[in-house]
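Following: one structure in structure tokens, then a few remarks.
Every number for a ligand or one of its atoms is a count from 1 in the order of the listing. Values in this document were obtained by computation on a predicted structure and should not be read as measured data.
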Amino acid sequence: MLKIGNHEFSSRLLLGTGKFPDFDVQKEAVNVSGTEILTFAVRRMNIFDPEQPNFLEKLDASKYTLLPNTAGAKTAEEAVRIAKLAKASGLCDMIKVEVIGDFKTLLPDPVETLRASEILLNEGFTVLPYASDDVLLAKKLEDLGVHAIMPGASPIGSGLGIINPLNISLIVEQATIPVIVDAGIGSPADAALAMELGADGVLLNTAVSGAEDPVKMAKAMKLAIEAGRLGYEAGRIPKRRYATASSPLEGMSV
Ligand SMILES: CC(=O)[C@@H](O)[C@H](O)COP(=O)(O)O
């Protein structure tokens with residue numbers, strides 16, 4: 001069970017809704033992924049203009065928890081404004097804080113992310129900040145009182161996978177709140193690794209929406225996340241420098 005603030009989920013896959021080839025493919029991919037949480041940029045949602053296309057139009061939104069994110073924000077103030085807009089439009093109290101500091105790498109601004117998280121916590125939001133894989137930043141965010149930490153695997157949309165597994169495992173080790181690896185996942189192996197490192201969930205978008213077959217990839221991600229979690233819970237064998245026989249010969253006469 002993934003518990004974020006007062007919300008509980010069986011699926012550990014959080015899925016982004018953008019960049020699918022069309023809304024039918026998006027709907028089927030979302031469906032087979034088994035996700036219960038869909039994230040979307042509030043700025044892309046035409047909340048106050050029903051004439052504009054609605055990118056969730058084919059989905060039964062009542063079946064999912066919609067996690068608005070503040071993509072497009074460059075400062076804490078912009079992120080807070082976007083979060084309040086989402087709340088005013090009746091979306092849930094959860095907000096993924098995304099404050100981008102550099103539009104070439106799309107890496108999050110740590111200072112503005114901290115500031116936005118603090119303000120939104122004071123406003124009563126359930127706060128999930130998207131951050132770099134910085135171990136101390138993760139600790140500072142947790143100390144502020146955020147409800148989950150979302151360290152990036154690698155830059156958004158890069159598909160590079162987990163660039164620094166050590167940092168992710170250190171973040172997991174110190175955290176007492178859920179750690180959701182977010183952004184940069186390229187393949188099911190990356191998602192499985194995140195889970196094997198002890199992450200509580202994975203948020204991804206491009207790896208599915210940009211796959212040759214997004215529906216098949218959505219299913220693969222679901223299975224990878226389940227397998228990775230199971231492997232983590234089972235406890236992997238330690239890595240050794242030298243071989244140990246799988247069928248020991250000690251005690252055998254021949
Ligand atoms: C959808 C969303 O929130 C993205 O900003 C997120 O970080 C996913 O990144 P990828 O597209 O690299 O999976």
**Prompt:** Given that the side chain starts at C-beta and the backbone is N, CA, C, O, which of these parts of D182 lies under 4.0 Å from ligand 1, counting heavy atoms, or is it both or neither?
**Reply:** side chain

**Message:** Can you pull out every side-chain hydrogen bond (donor to acceptor under 3.5 Å, both in side chains) where at least one residue sits in residues 234-243? Sequence neighbours excluded, please.
**Reply:** none

**Asked** So is K58 actually on top of F23's ring, under 6.0 Å and inside 45° of the axis?
**Response** no

**Message:** Between ligand 1 and G16, is the shortest N or O to N or O distance under 3.5 Å?
**Reply:** no

**Request:** Answer yes or no for G18: is there a heavy-atom contact with ligand 1 below 4.0 Å?
**Result:** no

**Fill in**
Going by the 4.0 angstrom heavy-atom rule, the piece of T39 near ligand 1 is side chain

**Request:** Enumerate the atoms of ligand 1 whose separation from the nearest heavy atom of L204 is less than 4.0 angstrom.
**Result:** 13 (O)

**Asked** Closest non-hydrogen protein atom to atom 5 (O) of ligand 1, residue and atom name please, with distance?
**Response** E98 OE1, 3.3 Å

**Asked** Should N205 be counted as touching ligand 1, given the test is an N or O pair under 3.5 Å?
**Response** yes

**Message:** So for K96, does at least one of its heavy atoms come nearer than 4.0 angstrom to any atom of ligand 1?
**Reply:** yes

**Prompt:** What residue and heavy atom of the protein are closest to atom 11 (O) of ligand 1, and at what distance?
**Reply:** T206 OG1, 2.4 Å

**Cationic tip of K87 above F125 ring, under 6.0 Å, 45° of axis** = yes

**Prompt:** Backbone, side chain, both or neither: what part of I156 comes under 4.0 angstrom of ligand 1, heavy atoms only?
**Reply:** both

**Message:** Between E112 and R115, does any side-chain N to carboxylate O distance fall below 4.0 Å?
**Reply:** yes

**Asked** Looking at atom 9 (O) of ligand 1, what's its closest protein heavy atom, distance included?
**Response** A183 CA, 3.4 Å

**Interfacing atoms of ligand 1 (cut-off 4.0 Å, heavy-atom, G157)** = 10 (P), 11 (O), 12 (O)

